[in-house]
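Handing you a structure now.
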Amino acid sequence: MKRFFVVLSIILVLLLSSCSNGIGNTSNSPNFSNVSQRGLVVSFIDVGQGDAILIKTPNGKFVLVDSGSQKEREKFFKFMEKQNIESFDAVIATHPHEDHIGNLDEIISNYKVLNIYMPKVTSNTATFRNLIQAIKSKNLKIKNAYKGVKFDLDGVKFEFLAPNSKKYEDLNNYSAVIKITYFDRSFILMGDAEKLSEGEIQKNNGDLRADVIKIGHHGSSSSSSKFFIRVVSPKYAVISCGKYNDYGHPHKETIKLLNDFKINILRTDINGTIIFNTDGKNIKILTDK
Ligand SMILES: [Zn+2]
């Protein structure tokens, strides 16, 4: 009888640990204060039609990838102001489109920024000129974002997977694509990279598997080719897009593909801001809707 209880308790312990281990701890909560301050925190900020991703390292260093459009300025800064940020170790402008760099000039002007990474491409828009002006007035030197550039912060590895070429017809393909790895867990942020860039990434990189992918170009069918999603083989796909946007993003082809692969989809237009927190092994997700 005693032996029976020993066996039973071992089974129970095993069952409990298999529940808390691994990925899939999802909870809905409007309260972000219960995001653990430990580990890596990756926040996909709801900025309507656009991208803005804030990364916080285990020791409280910040990296910002894009900033949404100026139209969504209030939403973006409301979130940022709650984070007690004094400086950014890195700011990454994935590519010069307004829905990505819209508020970056203000970030550069108002915060201490140690490094800024951008792909080597210019744009003749007021938004882009304002960003360059802000960078110049802070005496910052732009670091080129391209395949192979890496940096490390508190054991969190940041690696650029793209761009892989010097010239593209489509501005979207200049997108800086970033892989972030913290122990066993990883994220790939695609910017607006399209299928052409996905092909180059696959040709030039080894292990592309990641737990979380920020889907390219707001879920457009011009990104997310079947082969690329298969090699990344994510558990979670995040789509950053606005409700009833003019482009019909995310396209139904993309949603079908992700569903076919049984990938969990999280969308800023449906879930609001989406926050991933990982200790390098387990992943917790918080959404505000
Ligand atoms: Zn975009």
Side-chain angles (χ1 to χ4, degrees), residues 27-94 97-118 126-128 130-135 137-140 153-154 156 158 178 180 187 189 191 212 214 218 238-243 266-278 284-289:
S27 67
N28 288 318
S29 168
N31 183 5
F32 289 97
S33 60
N34 52 359
V35 171
S36 164
Q37 294 306 301
R38 275 175 291 180
L40 173 72
V41 183
V42 181
S43 304
F44 297 88
I45 307 162
D46 174 17
V47 287
Q49 185 67 11
D51 274 15
I53 303 147
L54 180 69
I55 298 121
K56 186 183 178 192
T57 70
N59 290 335
K61 290 179 175 159
F62 289 97
V63 174
L64 179 67
V65 180
D66 292 338
S67 64
S69 74
Q70 241 163 17
K71 261 198 327 226
E72 306 289 349
R73 186 192 168 279
E74 231 169 283
K75 259 184 176 174
F76 173 67
F77 281 105
K78 201 174 156 196
F79 182 88
M80 297 303 277
E81 276 153 20
K82 281 191 217 151
Q83 313 303 315
N84 293 321
I85 300 169
E86 280 177 14
S87 65
F88 292 98
D89 274 67
V91 167
I92 301 166
T94 60
H97 279 150
E98 207 273 334
D99 57 323
H100 296 254
I101 61 161
N103 299 298
L104 277 188
D105 58 337
E106 211 175 325
I107 286 285
I108 304 285
S109 303
N110 296 342
Y111 290 87
K112 187 177 173 192
V113 174
L114 302 178
N115 297 286
I116 177 144
Y117 292 88
M118 292 166 72
T127 316
F128 186 77
N130 291 344
L131 173 57
I132 297 299
Q133 194 49 51
I135 292 168
S137 55
K138 280 282 182 103
N139 279 325
L140 269 166
L153 281 176
D154 293 339
V156 183
F158 294 79
I178 308 138
I180 303 167
F187 298 73
L189 312 178
V212 183
K214 198 294 295 178
H218 321 286
V238 175
I239 298 172
S240 192
C241 67
K243 230 175 222 168
L266 291 141
R267 294 167 53 167
T268 59
D269 60 335
I270 293 173
N271 304 105
T273 293
I274 302 153
I275 301 180
F276 287 77
N277 178 210
T278 179
K284 285 184 201 150
I285 305 166
L286 285 154
T287 63
D288 66 354
K289 277 177 203 158

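What you are looking at is a predicted structure, and each value in this text was computed from that prediction instead of being measured. Side-chain atoms are counted along with the backbone in the values below, which use heavy atoms only and exclude waters and symmetry mates.
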If you measure from CD1 on I92 to CG on L189, what distance do you get to the nearest 0.5 Å?
8.0 Å
Can you check whether D66 reaches I53 side chain to side chain, under 4.5 Å on heavy atoms?
no
Y117: which residues meet the ring pair (Phe, Tyr, Trp, His ring centres under 6.0 Å) condition with it, sequence neighbours left out?
F151, F160
Could you work out, with salt bridge (Lys or Arg N to Asp or Glu O under 4.0 Å) as the rule, every residue matching E98, not counting sequence neighbours?
none
Specify the closest pair of heavy atoms between V47 and G68, including all atoms of both residues, with the distance to one decimal.
CG2-CA, 3.9 Å
How long is the gap from CZ on F88 to CG on L64, to the nearest 0.5 Å?
5.0 Å
Does N103 use its side chain to pair, donor to acceptor, with the backbone of S69 at less than 3.5 Å?
yes
Can you tell me how far the NZ atom of K75 sits from the CZ atom of R73, to the nearest 0.5 Å?
14.5 Å
Got V212 and V238 here, is their nearest side-chain heavy-atom distance under 4.5 Å?
yes
Rounded to the nearest 0.5 angstrom, the NZ-CZ distance for K82 and F77 is 14.5 Å
Minimum heavy-atom distance L104-S67, with the two atoms named:
N-OG, 3.2 Å
Which residues pass the side-chain hydrogen bond (donor to acceptor under 3.5 Å, both in side chains) test with N59, sequence neighbours left out?
D154
For F62, ring pair (Phe, Tyr, Trp, His ring centres under 6.0 Å) partners two or more places apart:
none
Results of salt bridge (Lys or Arg N to Asp or Glu O under 4.0 Å) for D269 - residues two or more places apart only
R267
Looking at side-chain heavy atoms only, is the closest gap between M80 and I107 below 4.5 Å?
yes
Donor-acceptor under 3.5 Å (S240 side chain, G50 main chain):
yes
Please examine the side chains of L40 and I180, heavy atoms only from C-beta on, and report whether any two atoms are closer than 4.5 Å.
yes
Taking side-chain hydrogen bond (donor to acceptor under 3.5 Å, both in side chains) as the definition, give me every residue that meets it alongside D46, ordered by chain and number, with sequence neighbours left out.
none
Please identify each residue that fulfils salt bridge (Lys or Arg N to Asp or Glu O under 4.0 Å) with D51, with sequence neighbours left out.
K214
What I'd like to find out is whether the side chain of I55 reaches to under 4.5 Å of the side chain of L153, using heavy atoms alone.
no
Run the side-chain donor-acceptor check on residues 108-116: report pairs under 3.5 Å with partners two or more places apart or on a different chain.
from: S109; atom 1: OG; to: D105; atom 2: O; distance (Å): 2.9
from: N110; atom 1: ND2; to: E106; atom 2: O; distance (Å): 3.4
from: N115; atom 1: OD1; to: K143; atom 2: NZ; distance (Å): 2.8
from: N115; atom 1: ND2; to: D89; atom 2: O; distance (Å): 2.9

Would you check if the side chain of D288 reaches a backbone N or O of T273 as a donor-acceptor pair within less than 3.5 Å?
yes
Backbone N/O of Q49 and side chain of D99: donor-acceptor pair under 3.5 Å:
no
Mind listing the closest non-hydrogen atom pair of A93 and M118 along with its distance?
CB-CG, 3.6 Å
Would you sort out whether L54 and I85 count as a side-chain contact (heavy atoms from CB on, under 4.5 Å), showing the intermediate values?
CA-CA 11 Å; L54 180 69; I85 300 169; 4.1 Å; yes
F44: partners by ring pair (Phe, Tyr, Trp, His ring centres under 6.0 Å), with sequence neighbours left out
F276
Taking ring pair (Phe, Tyr, Trp, His ring centres under 6.0 Å) as the definition, give me every residue that meets it alongside H218, ordered by chain and number, with sequence neighbours left out.
H100, H249
